[in-house]
Amino acid sequence: MPHKKKPKRKHAHLHSWARIDRAGAMHNARVHLGAAYELLEVDADFGLNALQQACEARLDTRPSLTSFAALLVFHRATDLLDGLSVLIKAGCFVPAFPLLRSLFEAMMYARYLMTVNDERIAACYIVSQPLARMTQLEERAEEHAGGSRPTIVAREERRRFEHTLAEERLFRDARNELAKLNESSSVPVPWFRAFGGPRTLGGMSRRLGDETLENVFAEYYDRWSAAAHVGDTLHSLVPETVEVSNTAELFMALRSPSRQEIVAAVNTCHQVFIGLITHQLEYFRELPIGLEEYRDLETRLRACLQE
């Protein structure tokens, strides 16, 4: 009977860092996090529950533009948190940084809107988005002949925008304030600078008067920004690398965070969410149904991060 050849290993020619052990990464994340593996998912579920009830409470107690803008940001924060939960469960540590930065910004935006509670500033936040899109479309239209599709699209966008401004005085005031700020700037001015607001996100973190938030900003924000702008690629090298010609041991394997790294990521995401939901509950002055059950579950899962 002829001897059967052993089948070739499919990835035998690849270095260890050139293979993604997806199943192993998920297993390691579960082992590292224990019961806290579900924590961010629990946060996102409760966030949507609280958001729904806040939308209903807003109609009765705070039917303002500020509350509407804050809930827009809260929805985006919950969306980001849900995405972070998926990434971290899969062991994707590095790709989580840009989303974590966005989650932190959403938390600061919502808190700033609710803290200053100024309808003009909420209007600036809302107007800044279609204004940015309209500006982009008009810049693109300048590169094309009159009557072309880009010029028609830009003209229609301008018409819709001006119609909205004609209907809402607050939006006209917001547009005028942003235009005034942009006169002396070579780059678009962020909405939160309007009406005497902070010049930077760092200034916003100080303006909110929350020491924990300031500390998170000071310790992590630059690192998250570096990851978002691909300015931290040296971290992809194996720490002990001394000879770059040794390609077999050059890069860190993808999806291979240490327990300390993945626990820190979950803990930071969770603390940002807690800061966001706490301020929202204080603003709307209504406790959502299921809050006590969430607190009990959150406390148990969070305790796993300290073990």
Side-chain angles (χ1 to χ4, degrees), residues 29 32-55 57 67 69-90 92-93 95-115 201 204-205 208-221 223-224 227-228 257 261-306:
H32 289 328
L33 294 170
Y37 186 75
E38 305 291 344
L39 181 57
L40 299 185
E41 191 172 294
V42 169
D43 286 343
D45 288 343
F46 180 72
L48 288 177
N49 172 52
L51 177 62
Q52 176 180 317
Q53 295 179 61
C55 287
S67 63
L71 291 177
L72 279 177
V73 180
F74 188 91
H75 181 271
R76 174 55 56 85
T78 310
D79 199 354
L80 292 166
L81 187 66
D82 179 56
L84 282 160
S85 174
V86 173
L87 284 174
I88 290 174
K89 281 186 170 185
C92 294
F93 177 66
F97 286 158
L99 288 190
L100 187 45
R101 185 184 79 153
S102 296
L103 174 65
F104 185 74
E105 289 176 351
M107 187 265 281
M108 287 208 299
Y109 289 175
R111 290 191 62 173
Y112 181 67
L113 287 165
M114 291 184 284
T115 298
L201 284 171
M204 182 187 290
S205 72
L208 291 170
D210 184 325
E211 185 177 351
T212 300
L213 187 152
E214 285 187 59
N215 291 338
V216 171
F217 183 89
E219 185 172 355
Y220 295 112
Y221 191 79
R223 182 185 181 190
W224 298 336
E261 289 173 327
I262 200 168
V263 165
V266 171
N267 190 55
T268 304
C269 290
H270 178 64
Q271 292 306 315
V272 170
F273 173 75
I274 291 297
L276 179 62
I277 192 72
T278 298
H279 205 71
Q280 177 174 293
L281 298 184
E282 292 172 351
Y283 180 78
F284 285 98
R285 300 182 187 137
E286 184 169 321
L287 301 182
I289 298 169
L291 177 60
E292 290 303 318
E293 293 82 355
Y294 166 73
R295 282 175 172 166
D296 290 342
L297 180 57
E298 175 268 333
T299 300
R300 291 202 311 272
L301 298 183
R302 178 166 41 86
C304 297
L305 297 176
Q306 314 304 324

Enquirer: Which heavy atom of Gln53 sits nearest a heavy atom of Pro288, and at what distance?
Expert: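 Heavy atoms only, the tightest pair is OE1-CA, 3.3 Å.
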Enquirer: Enter the distance from His270:NE2 to Leu301:CG here, rounded to the nearest 0.5 Å.
Expert: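 Answer rounded to 0.5 Å: 8.5 Å.
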Enquirer: I need the Met108 CE to Leu276 CG distance, nearest 0.5 Å.
Expert: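 One finds 12.0 Å between CE of Met108 and CG of Leu276.
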Enquirer: Does the Asp43 side chain pair with the main chain of Phe273, one donor and one acceptor, at a distance under 3.5 Å?
Expert: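 Answer holds: no.
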Enquirer: Could you walk me through whether Ile262 and Tyr37 satisfy the side-chain contact (heavy atoms from CB on, under 4.5 Å) test, starting with their C-alpha distance in whole Å, then the side-chain angles of each, then the deciding distance to 0.1 Å, before giving a yes or no?
Expert: CA-CA 10 Å; Ile262 200 168; Tyr37 186 75; over 6 Å; no
Enquirer: Which atom names give the shortest non-hydrogen contact between Leu87 and Pro95, and what distance separates them?
Expert: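 Taking Leu87 first and Pro95 second, the nearest heavy atoms are CD1-O, 3.8 Å.
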Enquirer: Does Leu39 reach the side chain of Leu305, with side-chain heavy atoms less than 4.5 Å apart?
Expert: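 Yes, their side chains come closer than 4.5 Å.
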Enquirer: Would you say Ser85's side chain and Leu81's backbone share a donor-acceptor pair under 3.5 angstrom?
Expert: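 A pair under 3.5 Å: no.
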Enquirer: Can you name the nearest heavy-atom pair linking Ala29 to Ile88, along with the distance?
Expert: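 Heavy atoms only, the tightest pair is CB-O, 3.6 Å.
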Enquirer: Counting neighbours of CZ on Arg302 that are heavy atoms of other residues, nucleotides or ligands and sit closer than 6.0 Å, is the number greater than 12?
Expert: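 Counting neighbours around CZ of Arg302, more than 12 heavy atoms of other residues, nucleotides or ligands fall under 6.0 Å, so yes.
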Enquirer: Let me see the working for Asp82 and Leu48 under side-chain contact (heavy atoms from CB on, under 4.5 Å), right down to the final yes or no.
Expert: CA-CA 10 Å; Asp82 179 56; Leu48 288 177; over 6 Å; no
Enquirer: Taking the side chain as every heavy atom from C-beta outward, state whether His75 and Leu51 have any atom pair closer than 4.5 Å.
Expert: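 In short, these two side chains touch, coming nearer than 4.5 Å.
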Enquirer: So which atom in Cys269 and which in Leu84 form the shortest heavy-atom distance, rounded to 0.1 Å?
Expert: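 Minimum heavy-atom contact is SG-CD1, 3.8 Å.
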Enquirer: Mind checking what makes salt bridge (Lys or Arg N to Asp or Glu O under 4.0 Å) contact with Glu219, not counting sequence neighbours?
Expert: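 Listed in chain order: nothing, the list is empty.
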Enquirer: Do the side chain of Glu286 and the main chain of Ala54 share a donor and acceptor less than 3.5 angstrom apart?
Expert: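 No: the side chain of Glu286 does not pair with the backbone of Ala54.
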Enquirer: Are Arg223 and Arg101 close enough that some pair of their side-chain heavy atoms sits under 4.5 Å apart?
Expert: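 Heavy-atom side-chain distance check fails, nothing below 4.5 Å.
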Enquirer: Yes or no on side-chain contact (heavy atoms from CB on, under 4.5 Å) for Gln280 and Leu71, after CA distance, side-chain angles and deciding distance?
Expert: CA-CA 9 Å; Gln280 177 174 293; Leu71 291 177; 3.7 Å; yes
Enquirer: Do Val216 and Leu213 have side chains that get closer than 4.5 Å, going by heavy atoms?
Expert: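 Val216 does not reach Leu213 side chain to side chain.
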Enquirer: Who are the ring pair (Phe, Tyr, Trp, His ring centres under 6.0 Å) partners of Tyr109, not counting sequence neighbours?
Expert: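 Partners of Tyr109 under the ring pair (Phe, Tyr, Trp, His ring centres under 6.0 Å) test: Trp191.
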Enquirer: What distance do Glu298 atom CD and Ile277 atom CD1 have between them, rounded to the nearest 0.5 Å?
Expert: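 Answer for the CD-CD1 pair, Glu298 versus Ile277, is 11.5 Å.
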Enquirer: Please give me the minimum heavy-atom distance between Ile289 and Phe46, naming the atom from each residue.
Expert: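 Minimum heavy-atom separation between Ile289 and Phe46: O-CE1, 4.4 Å.
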Enquirer: Would you call the rings of Tyr221 and Trp224 parallel, tilted or perpendicular, taking 30° and 60° as the class edges?
Expert: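 Rings of Tyr221 and Trp224: perpendicular, over 60°.
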Enquirer: Are Glu292 and Arg295 within salt-bridge range, i.e. N to O under 4.0 Å?
Expert: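 The answer is yes: the pair qualifies as a salt bridge.
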Enquirer: Search all heavy atoms of Ala228 against all heavy atoms of Pro98 and return the closest pair with its distance.
Expert: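 Between these two residues, the closest heavy atoms are CA-CG, 3.8 Å.
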Enquirer: Please assess Glu214 against Asp210 for the test side-chain contact (heavy atoms from CB on, under 4.5 Å), listing each intermediate value before the final yes or no.
Expert: CA-CA 6 Å; Glu214 285 187 59; Asp210 184 325; 6.0 Å; no
Enquirer: Would you say the side-chain atoms of Glu261 and His32 include a donor-acceptor pair closer than 3.5 Å?
Expert: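 Judged by distance alone, the side chains do not pair up.
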Enquirer: I need the Met114 CE to Phe74 CZ distance, nearest 0.5 Å.
Expert: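 Reported to 0.5 Å precision, the distance equals 8.5 Å.
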Enquirer: If I take atom CD from residue Glu105 and atom OG from residue Ser205, how far apart are they, to the nearest 0.5 angstrom?
Expert: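 Result: 12.0 Å between the selected atoms.
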Enquirer: Is a side-chain N or O of Asn267 found less than 3.5 angstrom from the main chain of Val263, in a donor-acceptor match?
Expert: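 Checked: no pair found.
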Enquirer: Could you check if a side-chain atom of His279 sits within less than 4.5 angstrom of a side-chain atom of Thr115, using non-hydrogen atoms only?
Expert: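 His279 reaches Thr115 side chain to side chain.
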